[in-house]
Amino acid sequence: MSINLEAEAAVASGFVEKAPLERYVDPDRPSLVGKSRAELAAALGELGVPPAQRKMRVQQLWHWLYVRGVTSFDAMTSLSKELRAELENSFTADRPEVVAEQVSADGTRKWLLRLPGERPDERPHEVECVYIPETGRGTLCVSSQVGCTLTCTFCHTGTQRLVRNLTAGEIVGQIMVARDRLGDWPGGRAPEGAVVPTDGGRFVTNIVMMGMGEPLYNFEAVRDALLVVADNEGIAISKRKITVSTSGVVPNIKRTGEEIGVMLAVSLHAVRNDLRNELVPLNRKYPIEALLDACRNYPGLTNAKRITFEYVMLKGINDSLADAKALVRLLAGIPAKINLIPFNPWPGVRYECSDWETIEKFSEVVFDAGYSAPVRTPRGRDILAACGQLKSATEKLSARERMALRAMALTE
Ligand code: SAH
Ligand code: SF4
């Protein structure tokens, strides 16, 4: 089906998507953060560095940017003074601007980042990025879009109107910001009182593309960014420690395995198409059967490299024992992990989180069928950093709405 016909059929079936604004315009002096080796070579070419020298210069730049994390060309002492000055004239090593940092009682940190919009009078484009420290690891939850074109009914991000795709630089930039703020560069130190892994290793060890946005609807930028992040001469976070979460953009699932080669998480949330159509409206375009087919054929899938199925626990909606049994039947034959996520409520939402007892019973059925079924403990609720609560200030929440959100998150 051509894209237009597909879109028309989707609209006819009642599925509505918001259109993303492609409004990013490079500033006069673009940042080199997030650039691939080929793009750095092209940038050096623009400055007149002869082709024979480019490979070596790219290696040096790569090291300063991604291993050392320096923010100025001046600090790149293995480059000649002239080249440093020329780089300074045309480029920066800037990261997205941090407009707020919040620290939860449990050590979770959330940064609000401001990104350039098209016009100065426009509402700012903002995304959030969340750091979740645990024993032996630190997971960074990264955004792929400002808002999301999709409209999952239980997700707060889905209610945001403004949508823009992030550039690869803005995606890598979130990891750079986190490492800057945590002191996670060679010779760095965590800020006083920060909760970070204490095993002597790095502070950001895992990346999950589970912040704002649908990563597979911004495929190229996410791919280019993650290939920079996984490069073992740079930021060097192994592909096994990077997870892309999708609500089910079937045509890009295979590409994720082939072109990025990272771990896959799928937001399933329902075992029947009628219910999933309601919770995840994208299901009307790519129903459960097509989604699971794409999962079965995910390149590189083995028992050691399983797909994570996310399942948000909604009281009286998808949390019966019959649902649990249907879930294990549905996933039979797919190397899978099941992640049960307690629903995080927000004002105006029509769902509630399942009772703890129900979640435990559900989890037992899944566990007895041979799956590990950890219930994801909500983290950072006091700073609205938990799943589905990431919604940027772009959509001006009133002070009262914010307080209500906080109260709900804390009392849940
Ligand atoms: N768009 C992608 C990735 C971002 S959402 C996706 O949907 O997979 C990350 C995870 O948080 C998804 O599994 C999503 O379904 C879940 N989520 C969204 N809103 C939530 C909420 N209010 N409570 C709990 N989990 C939520
Ligand atoms: Fe978008 Fe994911 Fe939220 Fe659905 S759950 S609206 S795909 S961010």
Side-chain angles (χ1 to χ4, degrees), residues 15-21 23 96 99-100 102 108 110-115 117 123-132 140-166 170-171 174 207-219 221-222 243-249 265-269 276 278-283 310-312 314 339 341-351 353 376 378-381 383-398 401-402 404-406 408-409 412:
F15 168 67
V16 188
E17 252 176 65
K18 291 165 262 172
L21 308 167
R23 287 210 179 149
V99 287
Q102 281 176 288
T108 299
K110 180 171 87 171
W111 297 283
L112 178 65
L113 307 176
R114 185 160 298 163
L115 308 170
R123 278 187 303 191
H125 294 187
E126 288 172 344
V127 288
E128 288 170 334
C129 172
V130 178
Y131 177 69
I132 307 148
L140 194 69
C141 180
V142 171
S143 293
S144 55
Q145 298 180 309
V146 175
C148 184
T149 55
L150 301 174
T151 51
C152 302
T153 45
F154 55 87
C155 173
H156 203 202
T157 306
T159 65
Q160 191 173 320
R161 283 187 301 276
L162 179 70
V163 183
R164 137 152 125 68
N165 280 332
L166 300 196
E170 290 168 338
I171 296 169
Q174 293 173 62
I207 304 290
V208 292
M209 296 301 300
M210 292 186 188
M212 295 168 73
E214 169 48 58
L216 298 196
Y217 269 164
N218 185 14
F219 185 83
V222 167
T243 303
V244 167
S245 173
T246 181
S247 57
V249 183
V266 170
S267 296
L268 190 61
H269 307 319
R276 197 163 188 273
E278 181 192 318
L279 300 177
V280 184
L282 183 65
N283 195 69
E310 292 156 284
Y311 196 95
V312 63
L314 303 169
N339 218 335
I341 315 173
F343 169 64
N344 289 307
W346 38 275
V349 75
R350 62 182 109 143
Y351 306 111
C353 182
R376 206 199 277 171
R379 296 288 303 267
R381 281 194 166 188
I383 57 167
L384 295 182
C387 299
Q389 292 181 311
L390 298 184
K391 169 164 159 169
S392 74
T394 324
E395 287 282 296
K396 284 220 170 62
L397 290 180
S398 68
E401 219 182 342
R402 263 179 208 287
L405 258 172
R406 256 177 74 93
M408 282 169 93
E412 201 3 72

Hey, what's the ring geometry for Tyr131 with Trp111, parallel, tilted or perpendicular (30° and 60° as the breaks)?
tilted
Partners meeting side-chain hydrogen bond (donor to acceptor under 3.5 Å, both in side chains) with Gln174 (sequence neighbours left out):
none
So Trp346 and Thr159, do their side chains get closer than 4.5 Å, heavy atoms only?
yes
Only one of Leu115, Val163, Leu113 passes side chain to side chain contact (heavy atoms under 4.5 Å, CB included) with Val146, and that residue is Leu115
Side-chain contact, heavy-atom cut-off 4.5 Å: Leu314 with Leu279?
yes
State, to 0.1 Å, how close Tyr351 and Glu278 come at their nearest heavy-atom pair, and which atoms those are.
OH-OE2, 3.4 Å
dist Gln145:CD -> Asn165:CG (nearest 0.5 Å) comes out at 5.0 Å
Could you work out, with side-chain hydrogen bond (donor to acceptor under 3.5 Å, both in side chains) as the rule, every residue matching Ser245, not counting sequence neighbours?
Glu310
Here the gap from Ile207 atom CD1 to Leu140 atom CG, rounded to the nearest 0.5 Å, amounts to 5.0 Å
Close side-chain approach of Thr246 and Met209, heavy atoms under 4.5 Å
no
Can you name the side chain to side chain contact (heavy atoms under 4.5 Å, CB included) partners of Ser247, sequence neighbours left out?
Leu150, Glu214, Val280, Leu282
Hey, what do you get for CG (Asn339) to CG (Leu268), rounding to the nearest 0.5 Å?
12.0 Å
Could you tell me whether the side chain of Lys18 and the main chain of Leu162 form a donor-acceptor pair under 3.5 Å?
no
Got His125 and Glu170 here, is their nearest side-chain heavy-atom distance under 4.5 Å?
no
Rounded distance (nearest 0.5 Å) linking atom CG of Asn283 with atom SG of Cys152
10.0 Å
Of all heavy-atom pairs linking Ala265 and Thr243, the shortest is CB-CG2, 3.7 Å
Taking it one step at a time, do Asn218 and Ile171 satisfy side chain to side chain contact (heavy atoms under 4.5 Å, CB included)?
CA-CA 11 Å; Asn218 185 14; Ile171 296 169; 4.3 Å; yes
Are Leu166 and Ser144 packed together at the side-chain level, in the sense that at least one heavy-atom pair is separated by less than 4.5 angstrom?
no
Below 4.5 Å, heavy atoms only, C-beta onward: do Leu112 and Gln102 meet side chain to side chain?
no
To the nearest 0.5 angstrom, please state how far the CE atom of Met212 sits from the SG atom of Cys141.
11.0 Å
